[in-house]
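In what follows, a structure is listed as structure tokens, so that the remarks can point back to it.
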Amino acid sequence: MHCPFSGHPILSVRWIRGGNELVSGPRYSVADVKHGGYLKIYTVDPAQDRGPYTCIVTGPNGDEGRRELQLVVHSPPVIEPFAFPKIMKVGGRAQLTCSVSAGDMPIYFSWKKDGTPIASDLQVEIKKEEFFSLLVLKDITARHSGRYTCFAANTAAQTNYTAELLVQVPPSWTQEPHDIAVVLGHPIVLPCEADGFPQPKITWFRGKGKLSTDFHSIPSKNNSLSINYATSPDAGYYMCEAANGIGNSLKKIIHIGVNEAVHFDTPVKNVSARRNDAVMLECLALGDEPINIIWTHKSQRIDFNNYRYNIIEMKESVGVRSQLSISLTERYDSGKYVCTAENLYGTSEHVIYLAVQERPDAPSDLEVMEVSSRQIRLSWKRPYDGMSPVLSYLVQYQPVRLSKEPVREAHRSGLDGSSAAWDSALTVNVTFSKVNMIKSIDGGVRDETSIGGLLPATQYLLRMLAINEIECSSFTSPLVVRTQEEAPSEAPGGLKVKTGTMGELILTWQIPARASWNGELLGYTVSCVEEKTNINFIASPGNISNTTLTVHGWATTKTSIGQLKKFTRYALRIRTYNSIAPGPWSTVVYGTTSEDAPEAEPQNVSCSSLSSQSIKVLWQEPPPQFHNGVLQGYKILYRPLTKNNEFVFPFEIKRTSNLETYLHALMKATNYSIQVLSFTLSGDGVASVPVYCATEEDVPEAPAGIKALTLTADSILVSWLPPAHPNGIITHYTVYGKDHGKKGSPKHNIVRVDETGRPSMFEVRGLSENNKYDFWVTASTAKGEGDPTMVVSQTTNTRAPAKIASFSRLLKVPVGVSLVLECVAVGNPTPRTRWLTKDQAVTFSQYYVISQGFLKIHSVERQIAGNFTCSAKNLFGEDEIHYTLIALQTPNVTQLSIQYTSFDSLRVTWEVASDGGAPIQGYNLYYRTTTGTWSNVAIPSDQMAYTLNGLKCGTQYIVKINAHNKVGVGMFTEELAVRTKGKGK
């Protein structure tokens with residue numbers, strides 16, 4: 001119960017009942033103010049706990065508030081237990097009393113059976129009073145069994161109580177057994193089911209008669225009489241009993257009859273007889289009479305009006321025996337005979353397979369499947385075997401030598417089937433007991449065998465027959481077949497070889513005797529195999545040169561083999577061939593191809609710098625298979641590169657027979673391009689890919705020029721040109737100066753420069769007016785300081801004449817490149833500068849512009865090349881410098897020509913009309929077949945000829961070439977068409 005208080009703060013909440021304060025204990029729990037101050041009664045007792053309760057609330061000043069609450073307690077109904085009598089039988093009576101011993105009034109009663117209201121057709125009477133209710137059942141049946149529940153309800157709650165009524169019921173049939181009759185061998189399942197309470201027990205009995213004393217119990221399965229396979233002893237009387245101890249048990253006696261259907265002990269039998277002999281077929285039908293028997297042959301009922309057929313039937317204790325006799329058997333009497341027996345309980349068949357045996361038919365459709373030089377493979381349709389398996393086949397053959405009168409010869413040889421011609425000493429008989437069975441295209445079965453030991457290129461006449469246990473068949477019609485040719489038996493003689501053009505050998509031979517051809521000679525096969533004794537031989541499948549050449553026509557006695565390795569020894573042999581196979585090889589002869597220049601460059605070329613003027617070069621020889629001859633030595637091609645990796649100088653060549661060499665007297669601090677090639681007596685081989693090595697740095701030469709120009713009364717400008725040979729990277733310049741004509745150590749100033757060599761001027765300050773000074777400059781690399789320039793003198797003056805600090809120069813520049821021509825003018829007063837070209841003043845133009853005294857050329861073109869002059873002038877003097885500008889262009893190659901061709905190579909040469917003002921850096925040779933795509937080869941600049949190898953023989957090629965320098969790639973020459981030697985495929 002909660003106290004309905006309000007206000008803040010609240011110190012305490014108390015509960016009073018009957019003048020006594022309630023505290024927490026076994027029956028009560030009083031919560032504090034924080035938890036609401038409620039009163040909790042653990043177990044409510046209507047007698048003790050109903051009535052008034054007072055809630056008192058106290059504030060901080062002692063103020064109190066009261067509230068009285070009334071507790072009303074309701075009591076649910078309490079039903080006293082009840083039950084039906086334990087034994088209740090059908091037709092009895094029963095009464096239940098549902099009595100409420102406690103609970104608030106009024107009380108309301110209701111009844112249910114098995115959870116639902118009691119059905120009216122059960123005729124159950126219900127009586128209700130103030131605190132009890134009666135349930136009356138007058139004529140009890142099995143339907144009254146169930147659970148009966150009494151419900152009592154008042155304002156407090158609803159309660160219920162349940163009792164179960166079990167009515168005992170005697171057995172009654174739900175599935176009553178009956179008499180049955182089954183066929184022998186069939187299963188028997190006879191159910192027997194009964195209902196009642198308790199559930200009846202089913203028992204099966206077997207007896208000799210219908211009296212109960214004649215029966216004894218037997219096992220059953222699921223209350224059913226079960227027999228898997230009915231036999232004659234299973235026939236008789238059986239009884240099913242159902243009992244549950246209530247009233248009399250149920251009993252039913254039934255009879256089981258077992259009938260025997262007609263049948264045979266053996267379903268199938270085989271019988272054989274020789275043709276024209278008599279035969280008797282017999283069957284014995286077992287089973288209950290009457291039995292009726294019918295005979296059929298090939299599904300047709302036998303016509304006993306035919307004099308050849310006779311039938312006899314005899315009754316026996318177990319059934320009926322039937323005998324069918326056939327006189328003078330024929331082939332068509334063979335087949336399936338069926339003796340069909342029938343009685344009231346079934347039908348059965350006895351099958352007899354009759355085989356009328358006779359001699360087999362001759363094999364049919366005899367044909368030749370395969371012919372070789374000494375063997376023939378035959379195939380035929382399997383013949384009718386006369387109902388006796390074919391034991392073997394006999395093949396008879398003889399050679400046929402056709403004359404100019406083939407018809408007469410055919411009769412003499414037995415082509416017309418006459419037997420006299422086969423009685424010859426040349427006739428051969430071959431018997432085959434085992435043959436191969438194959439399937440034909442149409443799905444039929446055929447036999448095949450092979451006949452060996454024949455002569456090649458010979459015509460034969462053959463026939464065959466089949467043999468079984470009875471007799472031999474007749475012969476087939478004869479066949480004519482000719483054996484195949486064999487390989488020739490003799491090799492060509494007199495084989496000789498000589499050297500032809502590059503990579504070519506020429507062979508000649510003699511025709512073998514015609515008797516050894518063994519057929520029509522079609523030509524020759526030539527084998528050309530690289531000898532393993534070659535010094536350049538490498539045993540790898542992809543590297544062995546092995547050529548096989550076919551020469552058509554028996555009258556040919558000469559051929560050539562091209563596209564062979566150069567300077568290589570080959571083993572050659574020859575043999576003939578016909579339409580069947582080649583003959584034996586001839587004895588081996590040997591030939592060596594011509595020597596040529598090496599086709600591969602030396603391997604693993606490397607170099608290392610030894611000093612500022614020497615380099616060591618090492619290499620290994622080219623792969624042996626590419627020597628193409630005896631190596632005479634090596635050539636080392638080397639030349640320096642400029643700062644822009646341009647080839648300005650031609651190749652220098654050093655010869656040696658070693659695999660290393662030393663290059664001396666080289667340019668200092670210079671990058672060299674180095675290539676190595678090998679050479680034979682036939683010429684130079686392929687040069688290696690360039691390797692690059694730089695000589696070490698050294699002290700530089702003196703700067704190439706120096707000027708000393710008066711600026712003011714106390715300063716002089718010193719300018720210089722870089723050394724012609726810096727011998728390394730210039731790190732700084734040192735400007736020296738001293739009073740003219742005086743002794744003593746000069747003063748010096750170090751001028752650091754960037755990678756472009758700038759600055760190249762230095763202003764010397766703090767000098768005395770009208771005093772003369774001497775100046776000189778040195779350059780330095782990491783190796784040290786170089787030689788000084790010449791000494792120049794200059795005097796300070798307030799009236800400085802116009803001078804130009806820049807130097808006159810020769811410039812070679814590719815077309816299309818932008819360029820700035822410097823003109824640094826000094827003097828006091830400041831001089832005025834002017835630019836001239838081709839004796840004309842430089843003005844605004846599309847090619848150049850003047851900015852701060854410098855001439856900026858946007859793009860160097862051939863038409864503006866020439867001399868440019870810059871002049872400076874003031875009140876006290878004038879000066880000028882000159883630039884000579886040469887516009888470099890792409891090179892031009894002319895006169896591409898063919899030097900020679902072979903089966904797989906061609907050599908081209910060319911001439912250069914102009915290098916464009918800059919050294920040629922290399923050539924690009926392009927080639928293709930008339931229908932192919934272009935391929936190209938890069939060629940060094942020092943070569944003016946090149947050999948294309950690995951080409952197809954007898955094929956037309958298109959070639960063209962161009963050159964390139966630092967400016968770019970020049971124009972192609974006109975395309976040149978050339979054909980390699982030989983006949984193309």
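What you see is a predicted model, and the numbers here were worked out from it, not measured in a lab.
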Would you say the side chain of [Y] lies within less than 4.5 Å of the side chain of [X], judging by non-hydrogen atoms?
X	Y	result
Leu324	Asn310	no
Phe82	Tyr161	yes
Val90	Val167	yes
Ile467	Val390	no
His350	Val338	no
Tyr384	Arg331	yes
Tyr337	Ile326	yes
Val320	Ile293	yes

Tell me if a side-chain donor or acceptor on [X] pairs with a main-chain N or O of [Y] at a distance below 3.5 Å.
X	Y	result
Lys128	Phe109	yes
Ser473	Ala466	yes
Ser334	Val356	yes
Thr476	Met464	yes
Asp265	Ala285	no
Asn244	Ile246	yes

Can you tell me how far the [atom1] atom of [X] sits from the [atom2] atom of [Y], to the nearest 0.5 Å?
X	Y	atom1	atom2	result
Arg14	Thr54	CZ	OG1	10.5 Å
Leu135	Tyr148	CG	OH	7.0 Å
Ser226	Trp204	OG	CH2	11.0 Å
Glu129	Ile107	CD	CD1	12.5 Å
Lys221	Ile227	NZ	CD1	13.0 Å
Ser327	Arg308	OG	CZ	6.5 Å

[X]: side chain to side chain donor-acceptor pair (under 3.5 Å) partners, not counting sequence neighbours:
X	answer
Tyr393	Asp447
Ser133	Trp111
Lys252	Glu176
Glu164	none

Can [X] and [Y] be counted as an ion pair, charged N to O under 4.0 angstrom?
X	Y	value
Arg275	Asp333	no
Glu367	Arg446	yes
Asp385	Arg359	no

For this session: Show your working on side-chain hydrogen bond (donor to acceptor under 3.5 Å, both in side chains) between Ser392 and Ser433 and close with a plain yes or no.
Result: CA-CA 4 Å; Ser392 61; Ser433 58; over 6 Å; no
Problem set entry | Test side-chain contact (heavy atoms from CB on, under 4.5 Å) applied to Glu68 and Tyr53, step by step | CA-CA 6 Å; Glu68 185 176 287; Tyr53 290 81; over 6 Å; no
For this session: Answer yes or no: are there more than 12 heavy-atom neighbours, outside Phe304 itself, under 6.0 Å from its atom CZ?
Result: yes
Problem set entry | More than 12 heavy atoms of other groups within 6.0 Å of Glu469 CD | no
What salt bridge (charged side-chain N to carboxylate O under 4.0 Å, His left out) pairs are there with at least one residue in [range], not counting sequence neighbours?
range	result
residues 94-123	Asp121-Arg143
residues 186-195	none
residues 276-305	Glu282-Arg321

Exercise. His186 and side chain to side chain contact (heavy atoms under 4.5 Å, CB included): which partner among Leu184, Val183, Ile188?
Worked result: Val183
Measure across [X] and [Y] and return the closest heavy-atom pair with its distance rounded to 0.1 Å.
X	Y	answer
Ile291	Gly319	CD1-CA, 4.2 Å
Leu165	Met88	CD1-CG, 3.6 Å
Thr347	Glu342	OG1-CG, 3.5 Å

Exercise. Which pairs pass disulfide (SG to SG under 2.5 Å) with one or both residues in residues 239-286, sequence neighbours excluded?
Worked result: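 Every pair satisfying disulfide (SG to SG under 2.5 Å) with a residue in residues 239-286: Cys192-Cys240, Cys283-Cys339.
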Problem set entry | Sequence neighbours excluded - disulfide (SG to SG under 2.5 Å) pairs with any residue from residues 95-167 | Cys98-Cys150
For this session: Would you please test Phe205 and Tyr238 for ring-ring contact (aromatic ring centres under 6.0 Å, His included) and show each step?
Result: CA-CA 6 Å; Phe205 298 87; Tyr238 293 81; over 10 Å; no
Less than 3.5 Å apart, which donor and acceptor atoms pair up between the side chains of residues 30-49 and the rest of the protein, not counting sequence neighbours?
from, atom 1, to, atom 2, distance (Å)
Asp32, OD1, Lys34, N, 3.4
Asp32, OD1, His35, N, 3.0
Asp32, OD1, His35, ND1, 2.7
Asp45, OD1, Ala47, N, 3.1
Asp45, OD2, Gln48, NE2, 3.3
Asp49, OD1, Arg27, NH1, 3.4
Asp49, OD1, Arg27, NH2, 2.8
Asp49, OD2, Arg27, NH2, 2.9
Asp49, OD2, Asp45, N, 2.6

Please tabulate, one pair per line, all N/O donor-acceptor pairs under 3.5 Å involving side-chain atoms of residues 255-264, not counting sequence neighbours.
from, atom 1, to, atom 2, distance (Å)
His263, ND1, Ala261, O, 3.0
His263, ND1, Leu286, O, 3.4

Problem set entry | Short side-chain donor-acceptor distance under 3.5 Å, Trp380 and Ser364 | no
Problem set entry | Any side-chain donor near an acceptor of the partner, Glu241 and Ser249, under 3.5 Å |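 Note: Glu241 and Ser249 side chains meet the donor-acceptor criterion.
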For this session: Take Gln357 and Ser388 through the side-chain hydrogen bond (donor to acceptor under 3.5 Å, both in side chains) test and state the conclusion after the steps.
Result: CA-CA 6 Å; Gln357 297 177 329; Ser388 177; 4.5 Å; no
For this session: Quick one: list whatever passes side-chain contact (heavy atoms from CB on, under 4.5 Å) with Lys138, sequence neighbours left out.
Result: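 Only Glu125, Val136 meet the side-chain contact (heavy atoms from CB on, under 4.5 Å) criterion with Lys138.
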For this session: Report the C-alpha distance between Ile352 and Trp295 in whole Å, list the side-chain angles of each, state the deciding distance to 0.1 Å, and finish with yes or no for side-chain contact (heavy atoms from CB on, under 4.5 Å).
Result: CA-CA 10 Å; Ile352 300 174; Trp295 284 90; 4.0 Å; yes
